[in-house]
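Data first, discussion second: the structure below is written as structure tokens.
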Amino acid sequence: MSKIDSEKSTEIHNVPSVGYGEIQNYVSNRTAQGMPALDALAQADGKNAEKLMEEAQANLELVQETGYAPELRRNFGVISLLGVGFGLTNSWFGISASLVTGISSGGPMMIIYGILIVACISMCVAISLSELISAMPNAGGQYYWTMKLAPKKYAPFWAYMCGAFAWAGSVFTSASVTLSIASSAVGMYMLYHPDKTIQTWHVFVTYEIANILLVFFNLWEKPLPAISKSSLYISLLSFLIITIVVLAKSGGEFQSANFVFVEFTNGTGWSSSGIAFIVGLINPNWSFSCLDAATHLAEELLEPRKQIPIAIIGTVIIGFITSFSYSIAMFFCIKDLDAIYNSNTGVPIMDIFYQVLNNKAGAVILEFLIFLTAIGCNIASHTWQARLCWSFARDNGLPGSRYWSKVNPRTGVPVNAHLMSCVWCAIIGCIYMGSTTAYNAMVIGCIIFLLMSYAVPVVFLLMKGRDNIKHGPFWLGKIGLFANIVLLVWTVFTTIFYSFPPVMPVTAGNMNYVSVVVGVFGAYCIIYWFARGKKKFITAEDREAKIDELTHQLSQQISHIEVVLSHKNDV
């Protein structure tokens, strides 16, 4: 065995044999009282034994197919999973938060038709991701699929690049959501102080404070499913309240259908309306991004092959219904579009509320509902980015992976990965101090990094042949093939056109720096790979070499639990 292989073997071996799930939690509580581990399982009552059996069987399937040791508790269900998926994507909130980008690129009409276009494309993305996760459930998501689908010679490099871009996309997403929270908070203050002007540092300081405070929600696993459900309910309830109140308070005075669906208002400075429209698509595109979030909870579910596709497809459907109806309602209620362009709050949606209600307190209350929704979105984003970082680090995809790949045995979550990701969010927030269009760059970085990470495994899926892999319960045949092609075309399209400056003429302050960010990060990844990464990265073959050992350990657990269940049934 070579030195490199020896290092990898040692790293793989030094993982918990049964993980930190319900089984390990139950056993550790008993062994702490002096009871042998195997005897502890035999002491489980019928209800506990059934729960342990479900998790043990799910863990065994994970081990037999991938060689990964189970380390997370399987406490998420479909609703809590949808809470993470939709709570993060949160399309109607995304329209509200990034309205300033879209409304200046074509006005209401651009956003309305942009939602229709992007929702259709997002359904293709959702179908592609759902097919892959149903066939190969793993917390690594797209980088793991790449490892399994790419030719053996190239699989490690492309899996590494895919994982790096996916994690970068998650961090940029968290940064963009945190910035929307900060902008909302500062905007609510500015509404009461129309004589003041927002300073860059106001938003920056608020951003950093919000980033620190929201760290705490993802330090413990036990409340996360409940928090995720709450985020889903808060989002949907806020959507209903805001839509009903704004429509009711308009008093029948609405804009014309021509204003909402036909008029094109180009405030970007681009002479080409087509380019202005494309630049404006960033707004609805961000509102349907991050669809892979649910895939990275695959090892925290009992039936990931069935449950995750439901969450992903459901996210797009709910997202379209809420964002499309919400946008139409808000745009019909606009009183003065020019006033929104010239507002000092930096929060166009709140300006719409104020125009309709003609009451600052009422506008702030409605904006506060969006603020609460944004907090839920940020918590879901932290859950997602922590799982991405942890799963990538357990295969040595990051510098210092031995720290980021640890699951805290007390809290049941990858705390180190979570904290490290949040530190990078804080660093990315500093970009805002150097450019007033930083928010736009964060949004675009999120979109491009993630689409690239989706495209890589899909390319190798088509090269390998869609019928040459084992299909999961969710598989749509020719529809899936069409969805794959749309995803790839859309990735190329957005990578090119979303790198254009958002406004003209271009200055150092309003330039779109996303191409620089993607280029620099891509160059770093390649350099790191050849300098160190390829020596340390753990491949699918390395993992699968541990299948027999881990299968034996988990089979022992199942055997003891079966004895308990059999005994209880006999009684």
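Just so it is clear, the structure is predicted and the values come from calculations on it, not from any experiment.
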Around [X], counting heavy atoms of other residues, nucleotides and ligands shown, do more than 12 lie under 6.0 Å from its [atom1]?
{"X": "F460", "atom1": "CZ", "answer": "yes"}
{"X": "W490", "atom1": "CH2", "answer": "yes"}
{"X": "H552", "atom1": "NE2", "answer": "no"}

Answer yes if the side chains of [X] and [Y] hold a donor-acceptor pair under 3.5 Å, and no otherwise.
{"X": "S391", "Y": "Y68", "answer": "no"}
{"X": "S228", "Y": "S80", "answer": "no"}
{"X": "D292", "Y": "W384", "answer": "yes"}

With no hydrogens and no angle check, is any side-chain donor or acceptor of [X] less than 3.5 Å from a backbone partner on [Y]?
{"X": "S183", "Y": "S180", "value": "no"}
{"X": "H418", "Y": "L219", "value": "no"}
{"X": "S128", "Y": "C124", "value": "yes"}
{"X": "S325", "Y": "T322", "value": "yes"}
{"X": "H382", "Y": "F216", "value": "no"}
{"X": "N75", "Y": "K222", "value": "no"}
{"X": "T89", "Y": "F86", "value": "no"}
{"X": "R543", "Y": "I538", "value": "no"}
{"X": "N218", "Y": "I379", "value": "yes"}
{"X": "S176", "Y": "T173", "value": "yes"}

Are any non-hydrogen side-chain atoms of [X] and [Y] less than 4.5 angstrom apart?
{"X": "P137", "Y": "I308", "answer": "no"}
{"X": "P284", "Y": "S323", "answer": "no"}
{"X": "V347", "Y": "F371", "answer": "no"}
{"X": "P457", "Y": "C162", "answer": "yes"}
{"X": "K406", "Y": "V415", "answer": "no"}
{"X": "F353", "Y": "I242", "answer": "yes"}
{"X": "F474", "Y": "I310", "answer": "no"}
{"X": "E221", "Y": "T411", "answer": "no"}

| task | Step through it carefully: locate the ring centre of F165, locate the ring centre of Y143, and say whether they are under 6.0 Å apart. | result |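 Ring centroids of F165 and Y143 are no less than 6.0 Å from each other.
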| said: Does L388 form a side chain to side chain contact (heavy atoms under 4.5 Å, CB included) with V171? I'd like the steps, not just the answer. | reply: CA-CA 10 Å; L388 252 171; V171 174; over 6 Å; no
| request: Determine, stepwise, if the pair M147 / F537 fulfils side chain to side chain contact (heavy atoms under 4.5 Å, CB included). | output: CA-CA 11 Å; M147 198 183 300; F537 194 63; 3.9 Å; yes
| request: Anything under 30° is parallel, anything over 60° is perpendicular, the rest tilted; go ahead and classify W167 against W424. | output: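 Judged by the thresholds at 30° and 60°, the geometry between W167 and W424 is perpendicular.
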Grab the two heavy atoms, one from [X] and one from [Y], that are nearest each other, plus how far apart they are.
{"X": "Q385", "Y": "S421", "answer": "NE2-CB, 3.3 Å"}
{"X": "A139", "Y": "A298", "answer": "N-CB, 4.1 Å"}
{"X": "Y207", "Y": "C425", "answer": "OH-O, 2.5 Å"}
{"X": "N378", "Y": "I181", "answer": "CB-CD1, 3.9 Å"}

| said: One pair to check against side chain to side chain contact (heavy atoms under 4.5 Å, CB included): E300 and L224. What are the steps and the verdict? | reply: CA-CA 11 Å; E300 297 173 68; L224 270 181; 5.7 Å; no
| Salt bridge between E65 and K148, side-chain N to carboxylate O under 4.0 Å? |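 No, this pair does not count.
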| field | Of W92, F320, F93, the residue whose pairing with Y326 passes ring-ring contact (aromatic ring centres under 6.0 Å, His included) | value |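 Output: one option passes, namely W92.
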| query | So, is the end of the R394 side chain (NZ or CZ) under 6.0 Å from the ring centre of W390 and within 45° of the ring's axis? | reply |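 Positive - R394 is close enough to the ring of W390 and near enough to its axis.
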